Protein chains: 2
Amino acid sequence: MAQKIKLSTIAESLGLSTATISLALRDSPLVAADTRERIKEQARAMGYIYNRRAASLRTSRSGIVGVVVHDIMNPFYGEILKAIEGELDRRSHTFILSNHYDSVEKQRNFIEMLLQLGGDGVIMSPAIGTPPEDVALAENNNMPAILVARSMEGTALPTYRGDDSYGISLATNHLISLGHRTIAMVGGTDQTSTGRDRYQGYVNALRKANMEVDPDLRIPGPRSKQAGFEAAMQFLSLPQKPTAAVCWNDLVAIGFMNGIARAGLIAGQDISVTGYDDLEEASIATPALTTVWNGQEEVGRLAARALLDKLAGSHEPDGLHLIKPEMRIRQSTGPVRPRT
Amino acid sequence: MAQKIKLSTIAESLGLSTATISLALRDSPLVAADTRERIKEQARAMGYIYNRRAASLRTSRSGIVGVVVHDIMNPFYGEILKAIEGELDRRSHTFILSNHYDSVEKQRNFIEMLLQLGGDGVIMSPAIGTPPEDVALAENNNMPAILVARSMEGTALPTYRGDDSYGISLATNHLISLGHRTIAMVGGTDQTSTGRDRYQGYVNALRKANMEVDPDLRIPGPRSKQAGFEAAMQFLSLPQKPTAAVCWNDLVAIGFMNGIARAGLIAGQDISVTGYDDLEEASIATPALTTVWNGQEEVGRLAARALLDKLAGSHEPDGLHLIKPEMRIRQSTGPVRPRT
DNA sequence: CTGAAAGCGCTTACAG
DNA sequence: CTGAAAGCGCTTACAG
């Protein structure tokens, strides 16, 4: 590497000013077409690398969007991320990703870091217990925030997520229609809007069918495959002998199905199991998982668009945007069969 | 937000110079302890946000490390990423993540973007067909690169990955020791070092046991759960009626087990199946998957350390660093049982 | 121990 | 259509 190529290097080599080079490289019509081509060609030949920090310092725009979710390794967020990535790519923004693992501190560090880098905006699935000041920190420093997947109290920020309460009632109703009368709810935590809403939707569906709501049929907590797997043992030892399980999400449901399989029970035959999200994996699980489509792809795409539009100056409406979930019936649910 | 707080704002409010503020905020011993505290307190009170672009423009160091892999949603890379994240966090570097989906172009765009942002270094699992010029682009612009998971021809870059050939031979030997004589290899592509090495390891193990190598027993291609699931049908219709499958990785193996389950066959009883990687998921699969530990966590940690050490000026040795894989025997393999 | 000044590499009014 | 000059917000020699 001989020497750092910058605008002025190109300018000198061509006998032009840096202003002209700058304009030409950004396709300004202020520069004559042939000059522009000559400049671009020279830049390429010299191996010029645009210095975004310098540009961003001057313009106070960086083209960087931050995304922070609970855990990018969780395919639910992965599918949202993929949609965001697609949308951002098309409008040539870079995105910086981070997990917060539900640590408010880790999330705040990320927001600060993003601010230091001059991030244009942030898309977040807020960590449990996020104080309103932390999102205000972003907004007050001219970095708009959009929420995905989870709602947050005390903010009017644009929020994109599925209608959890409605969605889980679809799954519960499906089990009721198959004749199940003792239905457990496995997983989820009251600390997130998702957990609260899904439990509420399950309760509502039971009530509407005039079925008794037994709080002991709830096994709260599990949110991963591993935890769903372990919850199966707990489920099987429940004195009420439930014949079906409404799982909090697909991961829990898949782990749960593996768990009951260890006890020689088959989902869809011995125990009916529903998931939630309709991950890519749901349809190839054994048995194929009956679940609720939760629109990850749409959530991601709409959130990214909303942010980019906001950055472009349009005034998007704040508040909650709910995606309507849909039932996906497969093999993990079937007619009730009494447990022995 | 009243007004942008910068070093000079703090300096004026305290009757000091920006140089002193700058030094104090970075804990320089050149500033008297009490002045330093006073400055820090004032910065906090005013809501000062450090402008990294300005600093980076001046110092030409950004604290940003790029990481680009095939697909961050793939748990194999996810586990590597998690280890990198942990290491980078501890040494307060930000990391920017990207998928290349084996597109050389997408990978090159990412490298360029990183260069524009002033990235200090890059960790990559090179896309299939990456030309040496693309990594040279990084290196020549003073952004060192470290390779993970895959080797690349024509470079002497530091590379961290498992010993694929040795690892797959462990799995193959395990099946041979259980009495299997017709063993298929499912998945992987000759386009990556991983694919080539694993097939070679399988072939070597068969040869060493004086078993015939039948190229038709290879089902190349699958690298995902979905593809493993589909490959099961192909496997079951093989005229040689293999009794065991060495799968290219855990994802393929899990999909494959689900696939044969649809045909009423149970892994470990009817067909023996081995995976590769030992993902967190392997042990809770049904049945629990016999696989080869591939050290994702170590690969990530060592690669991140090597990069940070290099950035700190130490001269790490280039070349290949192999992690030694280990067998993990679970329930998906068992004594041979002839197929009907 | 603290300050004045230059410079990192861009972009943007402003002239011409 | 092109150029000269200021300035974005830091850090770093260099003085004192």
Side-chain angles (χ1 to χ4, degrees), chain A residues 1 3-40 42-43 46-64 112-113 115-120 141-142, chain B residues 1 3-40 42-43 46-64 112-113 115-120 141-142:
Chain A
M1 179 79 186
Q3 173 217 3
K4 193 114 199 165
I5 310 297
K6 44 193 176 180
L7 286 190
S8 63
T9 324
I10 304 178
E12 281 166 27
S13 80
L14 251 30
L16 291 167
S17 77
T18 59
T20 304
I21 311 293
S22 172
L23 260 11
L25 291 179
R26 283 174 298 135
D27 284 319
S28 164
L30 291 177
V31 179
D34 60 329
T35 317
R36 209 190 308 158
E37 280 320 306
R38 208 154 42 94
I39 290 174
K40 286 191 165 189
Q42 179 74 346
M46 297 180 93
Y48 172 67
I49 288 169
Y50 180 65
N51 188 326
R52 264 174 204 265
R53 287 113 82 209
S56 157
L57 183 57
R58 177 62 224 244
T59 63
S60 70
R61 279 211 133 208
S62 64
I64 292 176
E112 264 171 24
M113 153 70 54
L115 248 12
Q116 295 182 357
L117 288 172
D120 292 336
N141 284 287
N142 198 27
Chain B
M1 181 77 185
Q3 171 218 4
K4 193 113 197 165
I5 309 298
K6 44 193 177 178
L7 286 190
S8 62
T9 325
I10 304 177
E12 282 167 25
S13 80
L14 251 29
L16 291 168
S17 76
T18 59
T20 304
I21 310 294
S22 171
L23 259 11
L25 291 179
R26 282 174 298 134
D27 283 319
S28 163
L30 291 177
V31 179
D34 60 328
T35 316
R36 208 191 308 159
E37 280 321 306
R38 209 153 42 94
I39 291 174
K40 287 192 163 185
Q42 178 74 343
M46 297 180 94
Y48 171 66
I49 287 170
Y50 180 65
N51 188 326
R52 262 174 204 266
R53 288 113 80 210
S56 159
L57 182 58
R58 178 61 223 246
T59 62
S60 72
R61 278 212 132 207
S62 63
I64 291 176
E112 263 171 25
M113 153 70 55
L115 247 12
Q116 295 181 355
L117 288 172
D120 292 337
N141 284 287
N142 197 27

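By convention in this document, chain letters (A, B, ...) are assigned in the order of the sequence lines, proteins followed by strands, and residues within each chain are numbered from 1. Every value quoted in this text rests on a predicted model; they were computed, and no experiment measured them.
- Between B:S22 and D:dC10 there is no side-chain N or O to OP1 or OP2 distance below 4.0 Å.
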Can you give the dot-bracket line for DNA chain C, where a pair is Watson-Crick or G-U wobble with both atom distances under 3.5 Å, crossing pairs use [ ], and | marks a partner on another strand?
-> |||.||||||||.|||

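- Remark: the backbone N or O of B:A54 is not paired with any side-chain donor or acceptor of B:R58 at under 3.5 angstrom.
- You'll find the side chain of A:R52 stays beyond 4.5 Å of the side chain of B:R53, heavy atoms only.
- In this structure, of D:dT2, D:dC8, C:dC10, it is D:dC8 that holds the atom nearest to the side chain of A:L57.
- Put simply, B:R26 has a side-chain N or O that comes within less than 4.0 Å of OP1 or OP2 on D:dT11.
- Going from atom CG of B:L25 over to atom P of D:dG9 covers 16 Å, rounded to whole Å.
- In this structure, the CG atom of A:L7 is 14 Å from the C1' atom of D:dG3, given to the nearest Å.
- For the pair B:R52 CZ and D:dC10 C1', the interatomic distance rounds to 13 Å; values are reported in whole Å.
- Taking every side-chain heavy atom of A:A55 into account, C:dT11 is the closest of C:dA6, D:dT2, C:dT11.
- Picking from D:dT11, C:dC1, C:dG3 the nucleotide with the shortest atom distance to the side chain of B:A32 gives C:dC1.
- Whole-Å rounding puts the A:L23 CG to D:dT2 P distance at 10 Å.
- Between the B:S22 side chain and the B:T18 main chain, no donor and acceptor come within less than 3.5 Å of each other.
- Residue contacts shown for A:T35 are limited to sugar-phosphate atoms, with no base heavy atom under 4.0 Å away.
- Put simply, NZ on B:K4 is 10 Å from C1' on D:dG9, counting in whole angstrom units.
- B:I39 places its CD1 atom 11 Å from the C1' atom of C:dC1, with the value rounded to the nearest Å.
- Contact between the side-chain N/O atoms of B:T20 and the OP1/OP2 oxygens of C:dT2 is not found at any separation under 4.0 Å.
- When each of C:dT2, C:dC10, D:dT11 is scored by its nearest atom to the side-chain atoms of A:Y48, the top-ranked nucleotide is C:dC10.
- Closest to the side chain of B:N51, out of D:dG3, D:dG9, C:dG9, is D:dG9.
- Out of C:dT2, D:dT11, C:dC10, the shortest distance to the side chain of B:R58 is found at D:dT11.
- The interatomic distance linking B:Q116 (CD) with C:dT11 (P) rounds to 11 Å, in whole Å.
- Not a single donor-acceptor pair under 3.5 Å links the side chain of A:S62 to the backbone N or O of A:S56.
- For B:R38 and B:A54, each mapped to the nucleotide of DNA chain C holding its nearest heavy atom, the one lying further toward the 5' end belongs to B:R38.
- For the pair A:T20/A:L14, no side-chain contact is recorded, criterion being any heavy-atom separation below 4.5 Å from C-beta on.
- You'll find that the side chain of A:L30 is closest to D:dT2, out of C:dG9, D:dT11, D:dT2.
- Using a 4.0 Å heavy-atom distance criterion, B:G118 is classed as making no nucleic acid contact.
- Contact annotation: the side chain of B:K40 approaches that of B:D27 to within less than 4.5 Å [non-hydrogen atoms, C-beta and beyond].
- For A:T59, taking side-chain heavy atoms from C-beta onward, the closest of the listed nucleotides D:dC1, C:dT11, C:dG3 is C:dT11.
- Using a 4.5 Å heavy-atom threshold, the side chains of A:Y50 and A:L25 count as separate.
- Of the candidate nucleotides D:dG3, C:dG7, C:dG9, D:dG3 has the atom nearest to the side chain of A:A19.
- With rounding to whole Å, B:K6 atom NZ is found 8 Å from D:dC8 atom C1'.
- No side-chain heavy atom of B:K6 sits less than 4.5 Å from a side-chain heavy atom of B:N51.
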